[in-house]
Amino acid sequence: MKVTLIVGTAKGAFIFRSDESRKSWKMDGPLFRGWGVTAVARDAGGTFLFATASDVYGVAMHKSDDLKEWRQVPEGPAYAEGGDRKLKQIWRIVADKSGYYAGVAEAGLFRSGDGEKWTPVRGLNEHRTSKSWMPGAGGLCAHTILIDPKNTQRIWIGISAVGVFRSDDGGETWQDKNQGVPVILEDKDHCEIGYCVHAMVPDPDNADIIYRQDHRGMFKTTDGGESYTRIETGLPSGFGFPLVIDRNTKALYAVPLESDEYRFAKDGCLCVYRSTDGGDSWSPLADGLPQGNAYVGVLRSAMAVDNLESGGVYFGTTSGDVYASSDGGDYWTALPCRLPRVQCVAAFIEAA
Amino acid sequence: MATMTVELPSVMSWVTRDLNFSLEAETLREALDRIRAHHADVAIHLFDETGGFRPHVLCFWNGTNTRWLDDFDVPLGKRDTLMFMQAVSGG
């Protein structure tokens, strides 16, 4: 097997390649030099989709079959001219058997049948509460999309400072799903919004079980979002951004940070936390990570797993370091690079 | 009908192979409309949802910043150029 690790940064994407041992890595890039690379996905046919964003030149989506030849998607996600929403970033691309979805800032969801022509999911984008959606520190972003693999009509979306919505009818209608999670900012008109989800991952075998890294703590639902309970035993802080799950072991990985006021590794000690019991308890993983003078953060999309049997886990920091583990997080190594601010990380497996 | 040369910044090489291209138009407004119509891949990076230039995109017509023009209904000459670049603003 070969592993391809894609690291999207504020100034381009970098490609790291290794064999299954993941002992040594060869770096290529930057792709999209000068552009922020904000989301990466690969569809069932093996085609890569990258989202780019520039403060100057706006947002686009690009496709490639080989990570060498690229073309811009002709009708990517876009808000209508003259409307009250602007497209600032594509936060998430999901390529599912039912099609493609993209979550964007300013918050909205777009869908495509072929990845070429994208249309807005109006049921969400024009939700009755949408005029009251307020941005969080990372902007008004729809950053997480989950689709029930056994029923693709069931879709969850996470929007920072707004909350989680679920659709049971393929995106036509959406209901808020935040019961049990504390609100961060109550809205005057809509008490069902004002929740700040940071990341969500589902159990690989049961879409009703969803783990939620929220602004206000770490939570779990076992009923598809109808109710949540806290799962923070062993965590030094409930605050953090990324949350990933290994499909084989179901191990969860998170990077707690020191509160929303500071948003960096507590005491400068960079530490990943792992749960191997469905979130009931968490243990620190620091071997190989800097345990002092590392006042860095890890953004919500900047962590990934490769789902190989000996679980590869990867993350990039706000100061441009990339760390990799090939043993489920027991030991970490820093990849030989110092990159721009890491915005997203994705890992893909190919036959050797 | 005048032939105008359009020049794009190098960062746009991920968008199009043609960082320099020609178009025919009678006026500056028509030239910009033709970019929208025939170079949509480029246009999304120059214009935003307001219909105008993105805030940090500069457009120079024969070296004149088009933001200083009262209107774009100005006739084009035979060898006019339209150069886009990033504003040195912010940061």
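Chain letters run A, B, ... following the sequence lines, proteins first and then strands; every chain starts at 1. Side chains included, hydrogens not; waters and symmetry mates left out as well; all remaining heavy atoms used.
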Residues of residues 55-71 of chain A with a heavy atom under 4.5 Å from any heavy atom of chain B, in residue-number order, are A:Asp55, A:Val56, A:Tyr57, A:Gly58, A:Val59, A:Ala60, A:His62, A:Glu69, A:Trp70
Can you tell me how far the CZ atom of A:Arg33 sits from the CH2 atom of B:Trp14, to the nearest 0.5 Å? 10.0 Å
Could you check whether atom CZ of B:Arg67 has more than 12 heavy atoms from other residues, nucleotides or ligands sitting under 6.0 Å from it? yes
Tell me whether the rings of A:Trp35 and B:His45 are parallel (<30°), tilted (30 to 60°) or perpendicular (>60°). perpendicular
Of all heavy-atom pairs linking A:Arg85 and B:Glu49, the shortest is O-CG, 3.9 Å
Pick one of side chain, backbone, both or neither for A:Ala78, based on which atoms fall under 4.5 Å of a heavy atom in chain B. neither
Is any side-chain heavy atom of B:Thr50 less than 4.5 Å from a side-chain heavy atom of A:Lys86? yes
Select all residues of residues 3-12 of chain B having any heavy atom within less than 4.5 Å of some heavy atom of chain A, and report them by number, or 'none'. B:Pro9, B:Val11, B:Met12
